[in-house]
Novice: 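Please read through the structure below; I'll follow up with questions.
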Amino acid sequence: MSTIAVYPGSFDPITNGHVDIVRRSLKVFGRVIVAVLSNPNKDSSWFTPDERVAMIRETFRAEGERVVADAFSGLLVDYAAAKGANVIVRGLRAVADFEYEFQMTMMNRHLKPQVETVFMMTGESHFYTSSRLVKEVVSLGGNVAGLLPDNVVPRLIERARRFSPGA
Ligand code: PNS
C-alpha cells in the first residue's frame, strides 16, 4: 500500500464524482495526490487553483496524509515523476469519456512509459455529475445539493451569483 497515485484534473470545483474516485483509489493505493491543473491561459475557471486546492483539502481532512491536494503546471508525467508517483488515476463515467481519456493515456505513455494510467469506474449515482454541468445548473438556480461535498456547495452558489447575478 505504499504506491503513490496522482489523480489529476481541473476540479473546478471538486464534485462527489471526484470524491468517489479518490475513495476508490484509497482502497488500492497508499497515498493519493489530487493534482489541480494550474493553467493561467484557461481563464474560464470559476475558482483559482489555490481555491480549488483548499476545497479539496477541506473535503479530505479526515483522511490525513493519505490524501494530498496540490496544484501543478506543465506536463502531468513530469509532475508525477517529481512526486515519486508511477500511477495516474482517472475516473470514467460513460463511453463518451473514453476517446479523450484514451488519447491522454497514450500521449502520457509516449512521454513516460514507466507511468501507468489506471481507470476507476465512478459509482452509478455519479454517472451524470460533472463540474461543467453543476456550474450550469447552479447558474440557472437549480439545486446541486448532493452532487458536491457539503463544504463546496455554498462556495459554488456564492460564485454563481458573481458570474451570473440572476442565479
Ligand atoms: O479534469 P480534466 O480537465 O479532464 O483534466 C485534464 C488534465 C488536467 C488531466 C490534463 O489536461 C493534463 O494532464 N494536463 C497537463 C498537461 C499535460 O501533461 N498534457 C499532455 C498529456 S495529454
Side-chain angles (χ1 to χ4, degrees), residues 3-26 28-29 31-60 67-123 125-139 144 147-149 151-153 155-156 159-160 163:
T3 310
I4 303 170
V6 172
Y7 177 36
S10 302
F11 302 107
D12 185 49
I14 186 164
T15 68
N16 282 342
H18 298 128
V19 172
D20 179 78
I21 297 296
V22 172
R23 296 207 191 288
R24 286 174 199 282
S25 301
L26 286 173
V28 182
F29 306 111
R31 183 180 281 200
V32 177
I33 302 174
V34 184
V36 173
L37 178 66
S38 176
N39 184 354
N41 299 324
K42 195 181 162 192
D43 51 16
S44 57
S45 304
W46 280 26
F47 297 94
T48 67
D50 285 350
E51 288 172 324
R52 288 179 254 164
V53 166
M55 287 186 279
I56 295 166
R57 281 196 186 134
E58 280 170 26
T59 303
F60 295 106
V67 179
V68 175
D70 191 19
F72 80 102
S73 54
L75 284 176
L76 172 62
V77 287
D78 289 343
Y79 173 80
K83 293 289 169 184
N86 53 13
V87 176
I88 293 168
V89 169
R90 291 286 288 173
L92 274 185
R93 287 164 302 193
V95 182
D97 284 342
F98 182 79
E99 183 88 31
Y100 170 58
E101 296 299 333
F102 180 76
Q103 279 186 348
M104 280 202 300
T105 300
M106 291 303 154
M107 182 57 76
N108 286 330
R109 189 178 286 172
H110 166 79
L111 293 168
K112 226 176 256 298
Q114 63 271 35
V115 174
E116 269 320 324
T117 301
V118 170
F119 291 96
M120 293 278 174
M121 192 69 88
T122 196
S125 50
H126 305 296
F127 271 177
Y128 55 90
T129 308
S130 72
S131 300
R132 183 184 62 77
L133 269 187
V134 293
K135 284 186 283 192
E136 184 174 319
V137 168
V138 81
S139 301
V144 292
L147 301 177
L148 306 158
N151 56 305
V152 176
V153 173
R155 291 184 200 189
L156 191 69
R159 207 43 64 97
F163 283 104

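On a predicted model such as this, the values are computed, not experimentally measured, just so you know. Numbering of ligands and ligand atoms starts at 1, following listing order. One-based numbering along the sequence shown.
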Novice: For ligand 1, find out whether one of its N or O atoms is nearer than 3.5 Å to an N or O atom of Leu111.
Specialist: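 Between Leu111 and ligand 1, no N or O pair is found under 3.5 Å apart.
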
Novice: Heavy-atom pairs closer than 4.0 Å: do any link ligand 1 to the side chain of Leu75, the backbone, both, or neither?
Specialist: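 Under 4.0 Å from ligand 1, Leu75 contributes backbone and side-chain atoms.
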
Novice: Does Thr15 use its side chain to pair, donor to acceptor, with the backbone of His18 at less than 3.5 Å?
Specialist: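 It does hold such a pair.
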
Novice: Quick check: does any side chain N or O of Asp20 sit under 3.5 Å from a backbone N or O of Gly123, one acting as donor and the other as acceptor?
Specialist: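 Yes; judged by distance alone, with no hydrogens or angles, the pair exists.
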
Novice: Okay, side chain of Thr122, backbone of Phe127: is any donor-acceptor separation there less than 3.5 Å?
Specialist: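 It does not hold such a pair.
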
Novice: List every atom of ligand 1 that sits less than 4.0 Å from any heavy atom of Leu76, numbering the atoms from 1 in the order shown and giving each element.
Specialist: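 Listed by number with element: 13 (O), 17 (C), 18 (O).
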
Novice: Decide whether an N or O pair under 3.5 Å exists between Asn108 and ligand 1.
Specialist: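 No - when backbone and side-chain N and O of Asn108 are compared with those of ligand 1, no distance drops under 3.5 Å.
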
Novice: Between Arg132 and Asp12, is there a donor-acceptor pair closer than 3.5 Å when you use the side chain of the first and the backbone of the second?
Specialist: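 A pair under 3.5 Å: no.
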
Novice: If you count the atoms of ligand 1 from 1 in the order shown, which ones are under 4.0 Å from a heavy atom of Gly74?
Specialist: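 Answer, ordered by atom number: 15 (C), 16 (C).
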
Novice: For atom 10 (C) of ligand 1, which of Met104, Arg109, Met107 has the closest heavy atom?
Specialist: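 It is Met104 that holds the nearest heavy atom.
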
Novice: So is Ser73 close enough to ligand 1, meaning a heavy atom under 4.0 angstrom away?
Specialist: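 No, Ser73 has no heavy atom closer than 4.0 Å to ligand 1.
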
Novice: Within the side chain of Arg93, is there an N or O that forms a donor-acceptor pair under 3.5 Å with the backbone of His126?
Specialist: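 No: the side chain of Arg93 does not pair with the backbone of His126.
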
Novice: I'd like to know if Phe11 contacts ligand 1, where contact means a heavy-atom distance under 4.0 Å to any ligand atom.
Specialist: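 No, that is not the case, since the closest heavy atom of the residue is not under 4.0 Å from the ligand.
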
Novice: Of all the heavy-atom pairs spanning Ile4 and Lys83, show the shortest one and how long it is.
Specialist: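 Minimum heavy-atom contact is CD1-O, 3.8 Å.
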
Novice: Please determine whether any non-hydrogen atom of Arg90 lies less than 4.0 Å from an atom of ligand 1.
Specialist: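 In this structure, Arg90 qualifies as a contact of ligand 1 - some heavy atom is under 4.0 Å.
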
Novice: When you check the gap from the basic side-chain N to the acidic O, do Glu51 and Arg155 get nearer than 4.0 Å?
Specialist: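 Between Arg155 and Glu51 there is no salt bridge, as every charged N stays at least 4.0 Å from the carboxylate O atoms.
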
